[in-house]
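I have a structure I would like to understand better, so I am pasting it below and will then ask my questions one at a time.
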2 protein chains.
Amino acid sequence: MQHSENTILPSLEQLEMLRLFTEQLVKPNDEEWAEFTSCMYLKHIPKKGFFLRAGEVCTSVGFITRGAMRFYHEKDGNEYSGNFSFENNFVTDYDSFLTRKPSLYSFSALEPTDIIVFHYDDVQSLYNRSKLWERFGRLIAEHIFIEVQRRKNSLVFDSPEKQYLSLIKDRPKILERIPQHMIATYLGITPVHLSRIRRKVAGK
Amino acid sequence: MQHSENTILPSLEQLEMLRLFTEQLVKPNDEEWAEFTSCMYLKHIPKKGFFLRAGEVCTSVGFITRGAMRFYHEKDGNEYSGNFSFENNFVTDYDSFLTRKPSLYSFSALEPTDIIVFHYDDVQSLYNRSKLWERFGRLIAEHIFIEVQRRKNSLVFDSPEKQYLSLIKDRPKILERIPQHMIATYLGITPVHLSRIRRKVAGK
DNA sequence: ACATAACGATAACATTTGTTATGAAATGAA
DNA sequence: TTCATTTCATAACAAATGTTATCGTTATGT
């Protein structure tokens with residue numbers, strides 16, 4: 001009864017979203033897919049609700065089928081955004097999940113959000129039982145590594161203006177669905193500075 | 001004859017370094033270890049020599065047994081450091097290695113450096129043949145993900161002064177073996193600014 | 001040993017970015 | 001609707017950081 005609050009199962013539509021995502025990386029047969037689905041739980045997070053709060057250990061990985069989440073760090077009463085996730089992406093503090101140490105960050109919903117949740121023990125069990133899911137785990141880790149590596153290099157090598165222009169091109173959902181002051185702290189700058197950049201960029 | 005320039009085999013001492021590193025993650029039996037060692041090549045890079053140049057695809061992963069490497073990005077005739085690696089660590093543009101696209105970065109040796117090299121096809125073949133090496137690949141990807149994720153969050157959430165203090169505590173080798181102007185660009189600041197931070201920190 | 005280059009501290013000044021405050025428009029709740 | 005809240009732009013000023021140059025020291029190569 002460990003996961004009693006999450007024992008609602010995902011809908012066929014939600015399952016299909018995850019299946020399409022998964023098949024970009026591996027091709028599970030029916031048995032393997034059954035193993036996978038057998039450890040899913042559905043979780044709904046209302047707007048302003050939390051997936052994880054700073055200080056807690058992140059014990060699960062979530063696949064977002066609807067909504068938007070951000071993770072942020074609190075310092076001196078201010079919130080600094082680390083990243084944003086939307087439908088068809090994962091939400092987790094994978095560092096905390098893997099190391100089983102308390103997270104430094106909170107994850108909250110910016111919109112009503114539906115998540116398919118996998119718990120730590122079930123994930124490890126999939127890895128142990130199956131070469132296919134072991135490979136899936138590797139490919140996922142490689143993908144998120146590439147993503148965060150590019151983001152890190154952009155922070156060091158690119159000006160905030162260039163980062164903002166990249167955001168417009170590569171992640172338009174952020175511009176459309178996230179308030180500007182949150183985007184500013186995501187870029188490591190103040191809302192005032194971002195507003196100045198926008199004015200400068202608009203005049204071109 | 002594909003790797004003809006690298007067909008020197010590693011010494012017993014170098015093999016032992018890699019074995020110790022590997023066994024922190026997986027426990028290969030003799031047969032598995034033999035598979036692993038059968039695709040190693042030794043490469044020596046003299047000081048100021050290159051492991052990879054911007055524009056080339058990174059076709060290998062290297063384990064450093066001696067020396068120091070940095071990767072950097074060139075812009076407007078200046079060099080901006082991305083990271084540094086020393087003995088008992090890997091050197092690679094894993095993004096370029098995995099995606100098979102040209103690297104944006106160059107990797108050069110700051111000291112005479114010895115590397116045990118694994119080529120792309122051999123690595124993929126290990127993953128296909130063996131569940132143990134597939135797992136090793138996952139664990140490596142998870143580790144470097146955590147590393148770069150923490151670095152990225154530090155860039156967004158911490159002041160340069162705090163990052164410098166963390167460097168002293170967590171990566172003293174960088175302070176001891178890397179020139180200050182390279183450390184500065186690694187922190188995303190100018191050498192002058194880093195010098196000012198050092199003076200401020202010293203006066204405490 | 002010598003000449004040269006690389007390194008690091010510092011100063012003076014320029015530029016960028018942050019801080020605080022204000023107001024107007026958009027959004028959300030009762 | 002009405003009222004409060006959030007969001008964003010902007011201005012004035014302060015603080016942080018970058019730029020350029022100089023100087024003495026320390027490595028490096030021949």
Side-chain angles (χ1 to χ4, degrees), chain A residues 46-49 67-68 70 72-73 75-81 84 108-113 154-165 167-168 173-204, chain B residues 45-49 67-68 70 72-81 84 108-113 154-165 167-168 173-204:
Chain A
K47 184 168 178 171
K48 297 189 181 176
R70 76 161 171 151
Y72 64 91
H73 178 58
K75 199 170 68 173
D76 318 322
N78 291 2
E79 294 176 352
Y80 299 86
S81 299
F84 310 98
S108 77
L110 300 174
E111 306 170 4
T113 300
S154 171
L155 280 166
V156 178
F157 300 138
D158 300 338
S159 67
E161 179 175 335
K162 183 163 179 199
Q163 288 179 55
Y164 177 71
L165 292 171
L167 215 57
I168 295 175
K173 276 183 193 167
I174 288 184
L175 274 291
E176 292 156 13
R177 290 160 71 176
I178 308 293
Q180 225 162 272
H181 65 274
M182 292 183 185
I183 298 177
T185 62
Y186 167 77
L187 296 175
I189 62 179
T190 59
V192 174
H193 189 189
L194 177 55
S195 184
R196 286 193 276 239
I197 289 174
R198 281 167 55 82
R199 178 172 40 172
K200 189 180 164 197
V201 167
K204 291 186 179 174
Chain B
I45 304 177
K47 184 169 177 172
K48 297 188 181 175
R70 78 161 170 150
Y72 64 92
H73 178 57
E74 206 158 341
K75 200 171 65 172
D76 318 323
N78 290 1
E79 294 176 353
Y80 298 85
S81 300
F84 310 98
S108 78
L110 300 174
E111 305 170 4
T113 300
S154 172
L155 280 165
V156 179
F157 300 138
D158 299 338
S159 67
E161 179 176 333
K162 183 162 179 198
Q163 289 179 55
Y164 177 71
L165 292 171
L167 216 55
I168 295 175
K173 276 183 194 168
I174 289 185
L175 274 293
E176 291 157 15
R177 291 161 69 175
I178 309 293
Q180 224 162 274
H181 64 276
M182 293 183 184
I183 298 177
T185 61
Y186 168 78
L187 295 175
I189 63 180
T190 59
V192 175
H193 189 188
L194 177 55
S195 185
R196 286 194 274 240
I197 288 174
R198 281 168 54 82
R199 178 172 40 170
K200 188 179 166 199
V201 167
K204 288 185 178 174

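We name chains A, B, ... by the order of the sequence lines, and we start the count at 1 in each one.
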| What heavy-atom pair brings A:Ile168 and A:Leu175 nearest, and what distance separates the two atoms? |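 A:Ile168 and A:Leu175 have their closest heavy atoms at N-CD2, 4.0 Å.
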Q.
If the test is salt bridge (Lys or Arg N to Asp or Glu O under 4.0 Å), which one of A:Lys200, A:Arg198, A:Arg196 qualifies with A:Glu161?
A.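 When salt bridge (Lys or Arg N to Asp or Glu O under 4.0 Å) is applied between A:Glu161 and each of A:Lys200, A:Arg198, A:Arg196, only A:Lys200 qualifies.
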Self-check item: Test log, rule side chain to side chain contact (heavy atoms under 4.5 Å, CB included), inputs B:Tyr186 and B:Ile178
Solution: CA-CA 11 Å; B:Tyr186 168 78; B:Ile178 309 293; over 6 Å; no
Which residue, B:Ser195 or B:Lys48, contacts DNA chain C at a nucleotide closer to its 5' end, judged by nearest heavy atom?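 Comparing both residues, the 5'-ward one is B:Lys48.
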Between B:Arg199 and C:dT10, does any side-chain N or O lie under 4.0 Å from OP1 or OP2?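 Result: yes.
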| field | side chain to side chain contact (heavy atoms under 4.5 Å, CB included) between B:Met182 and B:Leu110, intermediate numbers included | value | CA-CA 11 Å; B:Met182 293 183 184; B:Leu110 300 174; 3.9 Å; yes
* Identify the heavy atoms of B:Tyr72 and B:Ser81 that sit nearest to each other, and give their distance. =>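 Looking at all heavy atoms of both residues, the shortest contact is CB-CA, 4.0 Å.
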>> Without decimals, in angstroms, what is the distance between B:Leu110 CG and C:dA6 P?
In response: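 Between P of C:dA6 and CG of B:Leu110: 14 Å.
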C:dC7 OP1/OP2 closer than 4.0 Å to side-chain N/O of B:Arg198: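 False: B:Arg198 side-chain N/O out of range (4.0 Å or more) of C:dC7 OP1/OP2.
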Given A:Arg177, A:Arg70, A:Lys173, A:Lys47, the one that forms salt bridge (Lys or Arg N to Asp or Glu O under 4.0 Å) with A:Glu111: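 Going through A:Arg177, A:Arg70, A:Lys173, A:Lys47 one by one, the salt bridge (Lys or Arg N to Asp or Glu O under 4.0 Å) with A:Glu111 is satisfied by A:Arg177 alone.
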List, with names and distances, any nitrogen or oxygen atoms from the protein found under 3.5 Å away from nitrogen or oxygen atoms belonging to nucleotides 13-17 of chain C.
| unit_1 | atom_1 | unit_2 | atom_2 | d |
| --- | --- | --- | --- | --- |
| C:dT17 | OP2 | A:His193 | NE2 | 3.2 |

Q.
What is the separation between atom CG on A:Asp76 and atom P on C:dG18, rounded to the nearest whole Å?
A.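 Checked: the CG to P distance equals 15 Å.
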Exercise. Is any side-chain heavy atom of B:Ile197 less than 4.5 Å from a side-chain heavy atom of B:Ile189?
Worked result: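 They are in side-chain contact.
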### Nearest-nucleotide 5' precedence on DNA chain C, B:Met182 against B:Pro191
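That would be B:Met182.
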**Asked** Over how many whole Å does the gap from B:His181 atom NE2 to C:dA6 atom P extend?
**Response**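 Whole-Å distance recorded here is 9 Å.
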Quiz prompt | Below 4.0 Å: OP1/OP2 of C:dA9 and any side-chain N or O of B:Gln180 | solution =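 Answer is yes, contact under 4.0 Å.
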* Are B:Lys75 and B:Tyr80 in a cation-pi contact, defined as NZ or CZ under 6.0 Å from the six-membered ring centre and within 45° of the axis? ->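 Positive - B:Lys75 is close enough to the ring of B:Tyr80 and near enough to its axis.
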- Message: Does B:Leu194 form a side chain to side chain contact (heavy atoms under 4.5 Å, CB included) with B:Gln180? I'd like the steps, not just the answer.
- Response: CA-CA 8 Å; B:Leu194 177 55; B:Gln180 224 162 274; 3.7 Å; yes
Q) Nucleotide range of DNA chain D contacted by chain B, 5' to 3', under 4.0 Å to a heavy atom? A)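 Terminal contacting nucleotides, 5' to 3': D:dT17 to D:dT28.
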**Q.** Options C:dT20, C:dG8, C:dG28, nucleotide nearest the side-chain atoms of A:Lys47
**A.**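 Of C:dT20, C:dG8, C:dG28, C:dG28 is nearest to the side chain of A:Lys47.
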